[in-house]
Amino acid sequence: QVQLVESGGGLVQAGGSLRLSCAASGRTFSSYVMGWFRQAPGKEREFVAAIKWSGGSTLYADSVKGRFTISRDNVKNTVYLQMNSLKPEDTALYYCAANRDGSLIYYSSRRYDYWGQGTQVTVSS
């Protein structure tokens, strides 16, 4: 029902910025929650940010508050993650995910139904 494709990852120096994109295909995005997760080698996949497609309510992990911004473009069916003031500890494979239950934003990756392939973000010192 839903296919997600991430892009925009790359190598950036500490303090720099990147914008990740998640192109979504499907017809019921208005009832979905869209999230970004990241996973570094040897670590658990962790929640980064999420947005309700309808209304645009957002939630952020404490580690990225004030630095990252999640948004969506209804016309392009795309979710973005603007990442500013990047730190080496932000280095990870970033995944876009979708939860069919649009009533709540969940932190757990277990609650998301669809996943993209991931895009690598590497922040150098």
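Position 1 is the first residue of the sequence; numbering continues from there. Keep in mind that the numbers below use all heavy atoms, side chains included, and drop hydrogens, waters and symmetry copies.
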| Given a cutoff of under 4.5 Å between side-chain heavy atoms of I, L, V, M, F, W and Y, with clusters grown through shared members, what are the other residues clustered with Leu104? |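 Taking Ile, Leu, Val, Met, Phe, Trp and Tyr as members, Leu104 shares its hydrophobic cluster with Val33, Phe37, Phe47, Leu59, Leu93, Tyr95, Ile105, Tyr106, Tyr107, Tyr112, Trp115.
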
I need the minimum non-hydrogen distance between [X] and [Y], along with the two atoms involved.
X: Arg72; Y: Ser54; answer: NH2-C, 4.3 Å
X: Asp73; Y: Lys76; answer: OD1-N, 3.1 Å
X: Ser21; Y: Thr78; answer: CB-CG2, 4.1 Å
X: Gly118; Y: Glu6; answer: N-OE1, 2.9 Å
X: Ser103; Y: Lys52; answer: O-NZ, 3.0 Å
X: Ala24; Y: Leu4; answer: CB-CD2, 3.6 Å

| request: Applying side-chain hydrogen bond (donor to acceptor under 3.5 Å, both in side chains), run through Ser17 and Asn84 and close with a yes or a no. | output: CA-CA 4 Å; Ser17 299; Asn84 299 325; 2.9 Å; yes

Please report the interatomic distance [atom1]([X]) to [atom2]([Y]), rounded to the nearest 0.5 Å.
X: Cys96; Y: Leu81; atom1: SG; atom2: CG; value: 9.5 Å
X: Ser125; Y: Gln13; atom1: OG; atom2: CD; value: 10.0 Å
X: Arg67; Y: Met83; atom1: CZ; atom2: CE; value: 9.5 Å
X: Cys22; Y: Gln3; atom1: SG; atom2: CD; value: 10.5 Å
X: Asp101; Y: Ser31; atom1: CG; atom2: OG; value: 9.0 Å
X: Phe68; Y: Leu20; atom1: CZ; atom2: CG; value: 8.0 Å

| Does the side chain of Ser7 come within less than 4.5 Å of Thr119's, by heavy atoms? |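 Sidechains of Ser7 and Thr119: no contact.
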
| query | Considering only heavy atoms from C-beta outward, does the side chain of Trp36 approach that of Val79 to under 4.5 Å? | reply |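 Side chain of Trp36 against side chain of Val79, heavy atoms only: contact under 4.5 Å found.
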
| message | I'd like to know if Val48 and Tyr80 are part of one continuous hydrophobic network [Ile/Leu/Val/Met/Phe/Trp/Tyr, side-chain heavy atoms within less than 4.5 Å]. | response |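 No, separate clusters.
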
| request: Consider only side-chain heavy atoms of I, L, V, M, F, W and Y, link residues closer than 4.5 Å, and tell whether Met34 and Leu18 are in one cluster. | output: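 Shared cluster, yes.
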
| field | Glu89 atom CD, neighbour heavy-atom count above 12 within 6.0 Å | value |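 Atom CD in Glu89 is packed in, count exceeds 12.
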
When you measure from the side chain of [X] to the backbone of [Y], do you find a donor-acceptor pair of N or O atoms at a distance under 3.5 Å?
X: Asn99; Y: Arg111; value: yes
X: Thr91; Y: Val123; value: yes
X: Tyr60; Y: Ile70; value: yes
X: Gln117; Y: Val5; value: no

| Any ion pair linking Lys65 and Asp62 (charged N to carboxylate O, less than 4.0 Å)? |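 Counted as a salt bridge, because a side-chain N and a carboxylate O are separated by less than 4.0 Å.
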
| field | Arg38 vs Tyr94, side-chain hydrogen bond (donor to acceptor under 3.5 Å, both in side chains): CA-CA, chis, key distance, verdict | value | CA-CA 4 Å; Arg38 65 188 183 186; Tyr94 282 71; 2.9 Å; yes

| Which is it for Trp53 and Asn77 under the side-chain contact (heavy atoms from CB on, under 4.5 Å) test, yes or no, and what are the steps along the way? | CA-CA 10 Å; Trp53 199 273; Asn77 289 334; 4.2 Å; yes

